[in-house]
2 protein chains.
Amino acid sequence: MPQPPAPRRTLGRPPRISREEMVAAARRIVDAEGVDRLTMRRLATEIGSTPMALYHHVRNKDQLLVLLLDDYAVRTLRRPEVPDEPRERVVAAAAAIHEALADCPWIVEVLTADDLMSASALWFVEQIVDGLVAGGLSPERAVHGYRAIWYYTAGEIMIRATAARRRRTDDGPTYRDQVFAALDPDELPRLSEVAQRWAPLTAEDTYLDGLRALVDGLLAAR
Amino acid sequence: MPQPPAPRRTLGRPPRISREEMVAAARRIVDAEGVDRLTMRRLATEIGSTPMALYHHVRNKDQLLVLLLDDYAVRTLRRPEVPDEPRERVVAAAAAIHEALADCPWIVEVLTADDLMSASALWFVEQIVDGLVAGGLSPERAVHGYRAIWYYTAGEIMIRATAARRRRTDDGPTYRDQVFAALDPDELPRLSEVAQRWAPLTAEDTYLDGLRALVDGLLAAR
DNA sequence: ACCTGAACACCGTTCAAGT
DNA sequence: ACCTGAACACCGTTCAAGT
């Protein structure tokens, strides 16, 4: 599996810092203080260097984030038992990706920064595509099916992570609370009916239910 | 429908700028130069004021973005013909939301900033929840179903918008291209099979296919 | 009540120079 | 080849003061 190309070593002054060291230090900062605190300047002081030295080892901050995600994926993605049944294989692979990423709220910034996560996640993509083909889809439709699953999974993680962050920095009722408190039951009867229960209902973790529905729908002959 | 509370008018010096003026100016900046260029300072010069005057009318920049999204929703969301058939009603409402937001790539930053879009989008949420209930789901499961559709829709928009932005600021083959060029066919046979077609396949707009699959799966008795 | 000026505490990145 | 210092061109937000 290729890493993004590292700067070539030929002659001259030996490097004092390495990509690995940068990624490890970035991980420490993110784990201890959150993504927001990961800046090129903060990272430079963490490894006892200057901001500009970093740009000798990564193209820019975006690339650093991709490297960080890759590092995270390599360390935490555990390959699950893959059931023979196609539908269950797809669900198991998608759930494994979801589980790894959901524990990692800082991922959001990086998810939107690159559509495919990392080389080490490809095995999971393979399981999903293969399961969909085994379930009767053409390879083309299987790729589209994988994409739909990825949209659903990434969307769930991004929205939940932001909601959690919002809850941390809490100040009074949210805009949503205000809107739901003032619903017109004549115009919006269904929403009025569930208005009181909206917050707890949407806080429930129903990722797997939605995933199963999506996979069912993708595999259903139509 | 309530707007977020505006500062109370009582006595004293009459205001020189209003929320409406701020939102209109913000819209001009975003349309002409992109979200990245929308800063409190830029907005202040746009309306011939100072950054700090703005903080008298909005709590912070996040609130300004929510107001901007609300303004966008009011102006662009068009209520579609709603079919009687529950399944088609859900699809039509979700597709309408998707269509409005997909034309608006700057939305990404705001989507992750608040899970429900705006008061003017509630009618569409009502249609989706109502359609799912008409299709046989309990109100609780219908809300969960709506959330699944929202995750899928928001994920699709965010990922596509970022991919488009990435394509604009193009410099050479992406990380993904490199990864796919070096696949091991023994370890990842399915992905190797479609490797050449991966980019065009994932560039295709298959939002509606995935949506229909998801709605089918949600409505299928299990 | 509403607005201003100045400042705080930062950013990512470029450039020219050093070793 | 690798690193440094200084600078560029910005940010969002707070504070104290003015009208």
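Residue numbering restarts at 1 for every chain, and letters A, B, ... go by the order of the sequence lines. The basis for the numbers below is simple: all heavy atoms, side chains too, and nothing from hydrogens, waters or symmetry mates.
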Would you mind reading off the distance between [X] atom [atom1] and [N] atom [atom2], rounded to a whole angstrom?
X: A/L54; N: C/dT14; atom1: CG; atom2: C1'; answer: 14 Å
X: A/R16; N: D/dC3; atom1: CZ; atom2: P; answer: 6 Å
X: A/M22; N: D/dC2; atom1: CE; atom2: P; answer: 13 Å
X: B/R59; N: D/dT13; atom1: CZ; atom2: P; answer: 11 Å
X: B/M52; N: C/dT4; atom1: CE; atom2: P; answer: 11 Å
X: A/Q63; N: C/dT13; atom1: CD; atom2: P; answer: 11 Å
X: A/E21; N: D/dC2; atom1: CD; atom2: P; answer: 14 Å
X: A/L64; N: C/dT13; atom1: CG; atom2: P; answer: 10 Å

Indicate the atoms forming the closest heavy-atom contact of B/A102 with B/I157, along with that distance.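 Distance-wise, the nearest heavy atoms are N-CD1, 4.4 Å.
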Determine the minimum heavy-atom distance between A/L208 and A/A95, stating which atoms define it.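 The pair with the smallest heavy-atom distance is CD2-CB, 4.0 Å.
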My understanding is that a pair needs two contacts under 3.5 Å, Watson-Crick or G-U wobble. By that rule, which nucleotide pairs with C/dC10?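 Pairing partner: none.
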Is C/dT19 paired to anything, Watson-Crick or G-U wobble with both distances less than 3.5 Å, and if yes, which nucleotide?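 Checking every strand shown, C/dT19 finds its partner in D/dA1, with both distances under 3.5 Å.
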Verdict with reasoning, B/W150 to B/F124, per ring pair (Phe, Tyr, Trp, His ring centres under 6.0 Å): CA-CA 11 Å; B/W150 175 233; B/F124 295 84; over 10 Å; no
Phosphate-side-chain proximity, A/S49 and D/dT4, N/O vs OP1/OP2 below 4.0 Å: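 True: A/S49 side-chain N/O within range (under 4.0 Å) of D/dT4 OP1/OP2.
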Are any of A/H57's side-chain N or O atoms less than 4.0 Å away from OP1 or OP2 of D/dC2?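 Checking A/H57 against D/dC2: no side-chain N or O falls below 4.0 Å of OP1 or OP2.
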How far does CG of A/L191 sit from CD of B/Q127, to the nearest 0.5 angstrom?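 It is 9.5 Å, given to the nearest 0.5 Å.
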About how many Å separate OH of A/Y152 and OG1 of B/T153, when rounded to the nearest 0.5 Å?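 The OH atom of A/Y152 is 12.0 Å from OG1 of B/T153, to the nearest 0.5 Å.
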Can a donor-acceptor pair be found, under 3.5 Å and without considering hydrogens, that links the side chain of B/R37 to the backbone of B/I29?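 Here the side-chain-to-backbone pair does not exist.
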Checking B/R160 side chain against B/A203 main chain: does a donor-acceptor pair fall under 3.5 Å?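 Between the backbone of B/A203 and the side chain of B/R160 there is a qualifying donor-acceptor contact (under 3.5 Å).
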Mind checking the P distance from D/dA9 to C/dC10? Whole angstroms is fine.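 The same atom, P, in both gives a distance of 22 Å.
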Any N/O pairs under 3.5 Å between the protein and nucleotides 9-11 of chain D? List them or say none.
residue	atom	partner	partner atom	Å
D/dC11	OP1	B/T39	OG1	3.1

Side chain of A/T50 only, heavy atoms from C-beta on: which candidate in D/dG5, C/dT13, C/dC2 is closest?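 Nearest to the side chain of A/T50 among the choices is D/dG5.
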